[in-house]
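Report on the following structure.
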Amino acid sequence: MSKAKDSQRWLIIAAIILVALVYLSPKIQAPKLKENQPALRSFNHVDYIAQVRSKLPANRAEFISSIQSNSVDSISLLGKAWDQLQLPDVSSYYYLKIAESNPNELNCLNAAFRFFDGFRMVDDSIAKSYMISQAIANYEKVLQFNPGNLNAKTDLGICYAEGTNDPMKGIGMLREVVQIDSTHENAHFNLGILSMKSGQYEKAILRFKKVLTLNPKRIEMKLMIGNAYAQAGINDSALIILNEVVSQSTNATLVSEAKNIINNIK
């Protein structure tokens, strides 16, 4: 296997875990903004929603229209409706409206969640920049309401690490979380992912092992650990744990990926 493929394999595995195991239903593809659109200079969420809506099947578009026309609580219902379509890049608009009209910890958190998920799903650079900036702004508001919300601080750290030019700020936040709560699964997991990204495979192994210790049911962590061992060239250990994935997991995607890594080692 080439070095380029080696360096990308952990990304494939992370995508399998975060996408294939969670988002199983069909999606409406987010629109690509045209080169001559003003939105390339500044993101217009209303125009963006119109583009997405134009791609909806007729029955779904009609359902959205019925909510807008007939409901006295259309903002909340529209947010939930777009959530059902698994389009956080759209639903975030409505949750932001709720947070702006009634700012509190929960409402800002709901908006932040959607904006960060929207950031991960859109391709256009201007849309991504808008989504991540709104995610950060709303997570920071959450922490103003409740500085002890470690889940929000973890997500904010991930936002900085994945979506800004200051990834070390995000890594610092994640480290602060595990210093406060050594059992925080998501913080350990994302520190492991960031260690993989920087080629610090042995550190990643320790993080993923910690997650597995905290939650033994997360068998996907064995795949992550096995891949990290393989990337580090510790093939004997990689084969042991990857074979455990093959024998223990009932998820065909995880088993297939484990077998692929095993075959590449051999």
Side-chain angles (χ1 to χ4, degrees), residues 11 14-15 18-142 145 152 155-156 158-165:
L11 287 170
L18 298 176
V19 179
L21 295 181
V22 179
Y23 299 105
L24 299 177
S25 59
K27 310 292 190 303
I28 305 299
Q29 186 174 5
K32 292 184 179 295
L33 302 177
K34 297 178 182 178
E35 291 298 326
N36 59 355
Q37 286 183 320
L40 282 176
R41 295 188 295 275
S42 61
F43 183 78
N44 186 312
H45 214 158
V46 174
D47 289 346
Y48 181 85
I49 291 171
Q51 292 180 60
V52 177
R53 185 175 168 183
S54 70
K55 297 178 182 296
L56 290 175
N59 62 328
R60 293 182 176 182
E62 185 176 338
F63 174 63
I64 295 294
S65 296
S66 69
I67 296 175
Q68 289 176 319
S69 301
N70 301 321
S71 176
V72 295
D73 190 25
S74 61
I75 296 296
S76 177
L77 291 178
L78 281 167
K80 292 176 182 177
W82 286 104
D83 272 351
Q84 290 176 355
L85 298 178
Q86 295 185 12
L87 291 170
D89 51 330
V90 175
S91 69
S92 56
Y93 172 84
Y94 300 99
Y95 284 96
L96 178 62
K97 292 293 184 185
I98 294 169
E100 289 175 339
S101 64
N102 183 20
N104 58 43
E105 181 182 356
L106 179 59
N107 288 342
C108 291
L109 190 62
N110 281 333
F113 280 154
R114 273 76 180 184
F115 277 114
F116 189 42
D117 284 347
F119 160 76
R120 284 176 157 166
M121 74 177 293
V122 299
D123 294 323
D124 178 80
S125 61
I126 299 299
K128 288 182 80 69
S129 178
Y130 173 78
M131 295 286 169
I132 199 65
S133 65
Q134 286 290 346
I136 289 172
N138 280 279
Y139 277 127
E140 287 179 340
K141 289 177 183 177
V142 171
F145 286 111
D155 289 351
L156 180 59
I158 300 166
C159 286
Y160 275 108
E162 290 190 12
T164 74
N165 293 324

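Only a predicted model underlies this, so the values are computations on that prediction, with no experimental measurement involved. What you see below is based on every heavy atom in this structure, not just the backbone, and it leaves out hydrogens, waters and symmetry mates.
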Original post:
Going through the checks in order, is the side chain to side chain donor-acceptor pair (under 3.5 Å) test met by Y95 and N107?
Top reply: CA-CA 7 Å; Y95 284 96; N107 288 342; over 6 Å; no

Original post:
Are the side chain of S129 and the backbone of S125 linked by a donor-acceptor contact shorter than 3.5 Å?
Top reply: no

**OP:** Would you name the heavy atoms of A152 and L109 that are closest together and state the gap between them?
**Re:** CB-CD1, 4.2 Å

Subject >> side-chain contact (heavy atoms from CB on, under 4.5 Å) evaluation trace for S42 with I126 >> reply: CA-CA 7 Å; S42 61; I126 299 299; over 6 Å; no

**OP:** Kindly check if the number of other-residue, nucleotide or ligand heavy atoms within 6.0 Å of NZ (K97) is above 12?
**Re:** no

Subject >> Pairwise distance CG(L78) to OG(S65) - rounded to 0.5 angstrom >> reply: 9.5 Å

Original post:
What are the two closest heavy atoms between I158 and F116, and how far apart are they?
Top reply: CG2-CZ, 3.4 Å

**OP:** State, with a plain yes or no, whether a side-chain heavy atom of L85 is found less than 4.5 Å away from one of V52.
**Re:** no

Subject >> Pairwise side-chain contact, Y160 with L156, heavy-atom cut-off 4.5 Å (strictly under) >> reply: yes

**OP:** Using the test ring pair (Phe, Tyr, Trp, His ring centres under 6.0 Å), find all partners of Y93 that sit at least two apart in sequence or belong to another chain.
**Re:** H45

Original post:
If you look at every heavy atom in F115 and S92, which pair is closest and at what distance?
Top reply: CE2-OG, 3.5 Å

**OP:** With sequence neighbours excluded, give me every salt bridge (Lys or Arg N to Asp or Glu O under 4.0 Å) pair touching residues 102-112.
**Re:** none

Subject >> Interatomic distance, D124 atom CG to M131 atom CE [nearest 0.5 angstrom] >> reply: 10.0 Å

Original post:
Does R120 reach the side chain of K128, with side-chain heavy atoms less than 4.5 Å apart?
Top reply: no

Subject >> Minimum-distance pair of heavy atoms, taken over all atoms of N138 and C108 >> reply: CB-O, 3.5 Å

Subject >> Test log, rule side-chain contact (heavy atoms from CB on, under 4.5 Å), inputs I98 and N110 >> reply: CA-CA 9 Å; I98 294 169; N110 281 333; over 6 Å; no

Subject >> Qualifying residues under side chain to side chain donor-acceptor pair (under 3.5 Å), relative to Y94, sequence neighbours excluded >> reply: none

**OP:** Tell me, with the steps shown, if Y48 and D89 meet side-chain contact (heavy atoms from CB on, under 4.5 Å).
**Re:** CA-CA 9 Å; Y48 181 85; D89 51 330; 2.5 Å; yes

**OP:** Step by step, work out the salt bridge (charged side-chain N to carboxylate O under 4.0 Å, His left out) result for R114 and D83.
**Re:** CA-CA 9 Å; R114 273 76 180 184; D83 272 351; 2.6 Å; yes

Subject >> Shortest non-hydrogen contact from A135 toward C159 >> reply: CB-SG, 4.0 Å

Subject >> Heavy-atom pair with the smallest gap, counting every atom of G163 and F119 >> reply: CA-CZ, 3.7 Å

Original post:
Would you say I136 and T164 make side-chain contact, with heavy atoms under 4.5 Å?
Top reply: yes

Subject >> Nearest-0.5 Å distance that lies between atom CG in D155 and atom CD in E162 >> reply: 10.0 Å

